[in-house]
Amino acid sequence: MTPAATAPKPAKSGKPAVPRTARSRPPSVRRRDIQGLRALAVIAVICDHVIGWPTGGFAGVDIFFVISGFLITGILLREHEATGRISLRTFYGNRMRRILPAAALVLAVTVAVGYFLFNQTRALTTAWDALSSLLFVANWRFTAVGTDYFHATASPSVLQHYWSLSVEEQFYLVWPWLLLLVLFLATRRSRTPGRGRRAVVILAAVVVVGSFGYAVWETATNPTVAYFSTFSRIWELGVGAILAAALPLLARMPAGARVILGWVGLAGIVGSFFVVSGSLPFPGPWAVLPVAATALVIAAGAGGPQRHLVVLTNPVSVYLGNISYSLYLWHFPVFIFLTLLLPDQTVQTTLLIVGTTAAVAVVSYHLVEQPLHSSPWLRGVARAGGERRSAWRSWRENFGTQFILSSMGAFVIVVVVAVSFQVHDRPLTPMAAPVASAASDVNPSVQLQADLAAAAAATAWPDNLSPSLDRAMALTSNDNPARACFDTGNTPDFGRCTWGDGNAPNHMYLVGDSEALSYAPAFKEIAEASDGQWKITTIGLYGCRFTAVDVANDGAGVMDACPQRKLDIKNAIADDDPQLVVVANAFALGQDTNRTPLSVADMVASTAAETAGYDAAGKIVYLAPPPLGAELGQCYSQVSSPQNCNTGIGQAWQAFATATAAAATASGDFYVSSLGFSCADSICPAFSGTIPTKYDTVHMTPAYAEHVAPAIRFELGALGLM
């Protein structure tokens, strides 16, 4: 991710040498095989994001971690061996010059473009993501958002790839200080060659063992946290540090062994891209595969150039490695923005994304990354007037041509992208909306179907959506009147979660996970419109499937509260003997607390087993959730069409619906479908009439839930239940 690092050699006097100008610097000491590894890593990451292949392409980040740990530790060790000290000021100055200019440019451009293209909610989120990335805490922000239940289905941040940069910089806030301490203790009495390096190997080994153990444990208990956590990733940089400290020993390796290790390592890296997948525990332990393979390649090159590894050392691979930092920074924003503007997943779109990424990275590398890193001003070079003028003259001679060529490249990029938009710009064919039948006006679903069909056919977002989609996405369920009745912690008071006349002769319960929460405004409306005939208690726990088997959920506090919440509600229903119990759970597969997958049949049978404890046979209604909607953060923007947010009815939903209806019939209970107020002609739009249907892929907006209350009331009445 970060570019290869080099440091000015110290003067023989022991005083810091004056950094050389760009023109007078000696040839680069970068290892060609390592630059090739960078190229391989960044290509894997880009392919994984853009085309979803290979499945383990994300492991390219782990290759970067090992390389970074090797290079940076090597620089610090060589400085200490040459001068007896480590200049932290120089080290951090070099780090900032190398990473900040390009990183800050990408952040600024991304925030600006996001302001014009994204919806308001996503644009604001992007700005906060940029700030956390600039402060090198992006990984912790994405950890918090990723484990926030009500943002679990949010679109990925356009800056999410900055998490890895944050991990590196957090590591380097601490690592040089630890090296200083260990090297001081190891060499204060004796400067025996290798003594300091052996101490560093021991230090790095302790870090690797501790961090890897934590990674395995955290991956098993909280995989989202483990993926982004600095503590579960630093072992990978530690492996690189061990290689750097052991470099003199590795350099003695026989030539034949180097050849074998190099090719075995390269094969291991490529193989890891196809073996590793999102279903395997990662980073602990499966990151071992790409990390160990990378270590073999680096170790094999310790004794000299790896000329036999032409796959890595050829000029194309080396150049891609040189610009890998810019490629990594730009690829995800380019991918997200162009996918938003050109939603059709065609070969042409994919080639445009890859081509634009490469072109922008080349321009950024030659126009920003290299010139600013070598700038005499940023390096504080040549304080005397004559030396300062000479340094700037050399800098202009080296980079003046690059500015001209890069500016021309930027112009070409703008032209190509603009032409591509024109090619892709074509009118959408609207779908005809059915007309409601006058003979069926008694059923509210008829008008809802007409509104949904009209929304599915719309080619422009209505101006009068209330609430606006931006506001609905920002509020999530915060304005749901029953939110506190489904929150984590102790079981809420049942009286505070009951709507309607407290003296009503009929009592109904609505229970379940967050799907029940999203239905709560509808049942509140039903109770309050019942002329004192019904009181309805809406209570459950978001993330807690109301099944006999506890279904694993990573939401904070969910698994702690779930068993007790279900038991308290079960006892309350059995004691109250209500006229009706409505159960609403997500139609989604899951795993038990041992991470054993549960099938549709398992989930439906477990739901029936849970409701059997209510002692309410013949009075149970299984209310289906709406089918999954679109990722609003991706499909809804200032430049998109509503049809980009239309979705179909997924196979998982259909399987759950079929199995749940059959189970209800077999037990003498009831099943109510949600399709009548969610989709029309198997198309589910993001709004109906003037109301957004969902605020994410799963949950209805409170406003729409209240809007469909008459349709739900009609369905229950048609079954003779109200």
Strictly below 4.0 Å, N to O, side chains only: are D554 and R595 in salt-bridge contact?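 Yes, charged N to carboxylate O under 4.0 Å.
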For S599 and D602: C-alpha separation, side-chain torsions, deciding distance, then whether side chain to side chain donor-acceptor pair (under 3.5 Å) applies. CA-CA 5 Å; S599 67; D602 294 334; 3.0 Å; yes
Quick one: does [X]'s side chain get under 4.5 Å of [Y]'s, heavy atoms only?
X: D470; Y: Y636; value: yes
X: V604; Y: Y622; value: no
X: T476; Y: D696; value: no
X: F546; Y: C544; value: yes
X: P625; Y: V698; value: no
X: L475; Y: Y695; value: no
X: N585; Y: M603; value: no
X: L719; Y: V672; value: yes

Is there a donor-acceptor pair under 3.5 Å between the side chain of [X] and the backbone N or O of [Y]?
X: S641; Y: A460; answer: no
X: Q638; Y: N119; answer: no
X: Q654; Y: I649; answer: yes
X: T219; Y: A226; answer: no
X: T647; Y: L628; answer: yes
X: K535; Y: T498; answer: no
X: Q591; Y: V551; answer: no
X: S518; Y: E515; answer: yes
X: D681; Y: A453; answer: no
X: T126; Y: G114; answer: no

Stepwise side-chain contact (heavy atoms from CB on, under 4.5 Å) test for Q643 and T459: CA-CA 6 Å; Q643 293 193 7; T459 57; 3.9 Å; yes
Out of curiosity, [X] [atom1] to [Y] [atom2], how far, rounded to the nearest 0.5 Å?
X: Q120; Y: S637; atom1: CD; atom2: OG; answer: 12.0 Å
X: R713; Y: F523; atom1: CZ; atom2: CZ; answer: 11.0 Å
X: R122; Y: L117; atom1: CZ; atom2: CG; answer: 10.0 Å
X: F494; Y: I569; atom1: CZ; atom2: CD1; answer: 5.0 Å
X: E706; Y: E528; atom1: CD; atom2: CD; answer: 8.5 Å
X: D129; Y: Q160; atom1: CG; atom2: CD; answer: 8.5 Å

Can you check side chain to side chain donor-acceptor pair (under 3.5 Å) on Q170 and T230, steps first, answer last? CA-CA 7 Å; Q170 290 165 26; T230 305; 2.4 Å; yes
Which residue is it: L107, V113, V106, V111? I am looking for the one with a side-chain contact (heavy atoms from CB on, under 4.5 Å) to V109.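 When side-chain contact (heavy atoms from CB on, under 4.5 Å) is applied between V109 and each of L107, V113, V106, V111, only V113 qualifies.
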Using the side-chain contact (heavy atoms from CB on, under 4.5 Å) definition, which of the options V581, V511, V583 pairs with T611?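 The option that passes is V583.
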Give the minimum heavy-atom separation between [X] and [Y], together with the two atoms involved.
X: I336; Y: V158; answer: CB-CG2, 3.7 Å
X: L598; Y: L589; answer: O-CD2, 3.5 Å
X: S229; Y: N139; answer: C-ND2, 4.4 Å
X: C679; Y: Q449; answer: O-NE2, 2.6 Å
X: K694; Y: L632; answer: O-CD1, 3.5 Å
X: T547; Y: E610; answer: O-OE1, 3.5 Å

Stepwise, does the side-chain contact (heavy atoms from CB on, under 4.5 Å) test hold for S468 with W461? CA-CA 10 Å; S468 68; W461 293 101; over 6 Å; no
Inter- and intrachain pairs under ring pair (Phe, Tyr, Trp, His ring centres under 6.0 Å), touching residues 569-614, at least two apart: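 For residues 569-614: F587-W653, F587-F656.
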Sequence neighbours left out, what passes side-chain hydrogen bond (donor to acceptor under 3.5 Å, both in side chains) with D493? Give chain and number order.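 Listed in chain order: nothing, the list is empty.
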Test side-chain hydrogen bond (donor to acceptor under 3.5 Å, both in side chains) applied to N478 - qualifying residues, sequence neighbours left out: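 Result, side-chain hydrogen bond (donor to acceptor under 3.5 Å, both in side chains) vs N478: R483.
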Y519 vs F677 aromatic rings, parallel, tilted or perpendicular, using cut-offs 30° and 60°?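 The arrangement is perpendicular - the two ring planes meet at more than 60°.
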Specify whether F231 and Y214 have parallel, tilted or perpendicular ring planes, treating 30° as the upper limit for parallel and 60° as the lower limit for perpendicular.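 Ring orientation, 0 to 90° scale: perpendicular.
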Give a yes or no on whether D531 atom CG has more than 12 heavy-atom contacts from other residues, nucleotides or ligands under 6.0 Å away.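 Check fails, neighbour count at 12 or below.
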Does atom CG of N490 have more than 12 heavy-atom neighbours, drawn from other residues, nucleotides or ligands, at distances under 6.0 Å?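 Count not over threshold, so no.
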Check the pair L469 / F687 against side-chain contact (heavy atoms from CB on, under 4.5 Å), numbers first and verdict last. CA-CA 9 Å; L469 262 174; F687 69 94; 5.9 Å; no
Does a side chain donor of either S477 or Y542 reach within less than 3.5 Å of an acceptor in the other side chain?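 No.
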Could you go through the side-chain contact (heavy atoms from CB on, under 4.5 Å) check for T701 and R471 one step at a time? CA-CA 10 Å; T701 63; R471 180 166 175 77; over 6 Å; no
Ring centres of H49 and F335 under 6.0 Å apart?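 No, the ring centres sit 6.0 Å or more apart.
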Distance under 6.0 Å and angle within 45° of ring axis: R233 vs Y227: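 Flagged: R233 positioned over aromatic ring of Y227.
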As a test of understanding, state which of F332, W163, F282 forms a ring-ring contact (aromatic ring centres under 6.0 Å, His included) with F58.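 Of the listed options, the one satisfying the test is F282.
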